[in-house]
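Counting begins at 1 with the first residue of the sequence. Atoms within each ligand, like the ligands themselves, are counted from 1 in listed order.
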Amino acid sequence: MAKGKLAYSCTACGNESNSWLGRCPICDSWGSLVEIELNGHPGLNEANLISPYKFSEIMDSNKDLDRIFFGMPETERVFGGGMVKGSTTLLVGEPGIGKSTLLLHLADGLIGQNDEKIYYIAGEESPVQIGIRGKRIGIKGKHLEILPETNVDLIIAELNKNQQSMVIIDSIQTLFDSNLDSVAGTIGQIRACASKLISWSKVSTVPLLMSGHLTKEGSVAGPKVLEHSVDVVLQLDGDSSGAFRTLHGLKNRFGSTNEMAVFEMRENGLIEVLDPSSGLIAERPKGVPGSVVVPIIEGTRPLLVEVQSLVSQTGNSFEPRRTATGIELNRLVLISAVLSKRSLVDLKGKDIIVNVVGGIRVSETAADLGIALAIASSALDKEFPSNMAAVGELGLTGEIRRSTYIERRIIELARLGFEKVLVPASFVQGEPLTEVNIKLVGVNNIQDAIKKI
Ligand SMILES: Nc1ncnc2c1ncn2[C@@H]1O[C@H](COP(=O)(O)OP(=O)(O)O)[C@@H](O)[C@H]1O
Ligand SMILES: [Mg+2]
């Protein structure tokens, strides 16, 4: 290809411009534009024309996707049934959440790839540190090789020397492209390095797994700029001081983003929790006010979570406070307002704290009734029966509305030995659930639900 034209790119944000500017119009950085070479597009050449595919032929091609497995069934489900060969995945999460740990588990578990090597590009930690972690969590790492290099061109040169079954980058923020003036971790650098590695992966069909740090606020100068260029984005979440972590898809070109895996962080690493429902409610206190079990749906599977609430008198000089962990604060404000207005629970001058145990995030409105009853239970200082659960959406007039997949939630409750469940009254009037051994208690509105317990 002929030598390309010159253009300018901002080293801070990656913005491109035809002419040199003192200040980047997009990110307002001064003196950040540097010369880059554009290769231009290939001209029209009959020999390059590709023919269209017949739809009937490509329809079933998803079935033929070549996938690789890690011996970690929960994680594979989040990938959409194994990781697709030649795909690129970004694993994001806050620092300390367990990304490097998970990457090591995946590297160790990779099944049936002959004698091909797995490369772990270590930009964050030294090989010694990785070795210490690997030993602690019991990694054998037969085919695993650690490469402590951060120059993206040198990394690719090394990768080209032999065939790998997977390449891990920990993390993309530590790599740099020496053609750019900016330091590692800036948006321009993240984009440039990822783009080189992604092209390499597409050509060599070696799957690429990159980690990226998210800040508490989410996106700041982060790896999120890569979301559109990779095939799969997975997020590792949870409360790093607690034991549980969840892995779910934010984007997946080869599967659903609704699936979730639950892990427990132990001395010997991140262990998949195969029966998350029983794990998550194992330690719940019985016979104390403020705790209600709620069946939520994550992807295709039901999950029982414990919602806890604490309602207390506000200190004299302060506005009543609402604090939510695991649910949206707006949802808590709405539910508290409906409770105050539509039931006899008095929340005037009260602080309300709601917490979903185990670091799980609940976004479903089906949890409304359970959350409302946890608050009511604490405010009235009356325990919610420990053999009972609740499901239903709360309307603004206090009515309890039907949620999706109620049957699936009820079956999961019955499986774990619950005896009664509060459900929207309209559900009880519908088709009966005969094979499940659990009593359905229909409720019309929130005051009705409080009376029933
Ligand atoms: N000895 C240990 N026992 C149990 N958990 C540990 C131990 N050492 C580290 N951890 C856990 O590992 C986490 C760090 O995991 P790491 O994979 O380095 O996270 P990340 O790569 O996302 O920054 C710590 O926050 C802690 O929860
Ligand atoms: Mg790490």
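Between P95 and ligand 1, not a single N/O pair is under 3.5 Å apart. Checked by distance only, ligand 1 and E125 stay at 3.5 Å or farther apart across all their nitrogen or oxygen atoms.
Looking at R245 against ligand 1, only its side chain comes within 4.0 Å, counting heavy atoms. Contacts with ligand 1 closer than 4.0 Å are made by heavy atoms of both the backbone and the side chain of S100.
Around atom 9 (C) of ligand 1, the closest heavy atom drawn from E267, R136, R133, M265 belongs to R136.
In this model, no donor atom of one side chain and acceptor atom of the other lie less than 3.5 Å apart for E124 and T174. With hydrogens and angles left out, the side-chain atoms of E393 and T365 include a donor and acceptor closer than 3.5 Å.
The single protein non-hydrogen atom nearest to atom 19 (O) of ligand 1 is G98 N, 3.0 Å, given as residue, atom name and distance. Considering only non-hydrogen protein atoms, atom 13 (C) of ligand 1 sits nearest to G96 O, 3.4 Å. The nearest protein atom to atom 17 (O) of ligand 1, hydrogens excluded, is given as T101 OG1, 2.6 Å; this is a heavy-atom distance.
Between L208 and the options L90, I169, T89, a side-chain contact (heavy atoms from CB on, under 4.5 Å) holds for only I169.
Not a single heavy atom of E124 sits closer than 4.0 Å to an atom of ligand 1.
Less than 4.0 angstrom separates some heavy atom of R266 from each of these atoms of ligand 1: 4 (C), 5 (N).
Side-chain contact check for M260 versus L303: some heavy-atom pair is nearer than 4.5 Å. Contact annotation: the side chain of P148 approaches that of P127 to within less than 4.5 Å [non-hydrogen atoms, C-beta and beyond].
When distances to the Mg ion (ligand 2) are checked against a cut-off of 2.8 Å, S211 contributes no N, O or S atom below that limit.
Side chain of E383 to backbone of S377: no donor-acceptor contact under 3.5 angstrom is found.
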- [ ] Check the pair D170, Y120 against side-chain hydrogen bond (donor to acceptor under 3.5 Å, both in side chains), reporting the backbone distance first and the verdict last.
- [x] CA-CA 7 Å; D170 192 17; Y120 186 115; 2.7 Å; yes

Open item on the list: Is there a side-chain contact (heavy atoms from CB on, under 4.5 Å) between L373 and L422? Walk through the geometry before answering.
Closed with: CA-CA 10 Å; L373 290 172; L422 297 180; 3.5 Å; yes

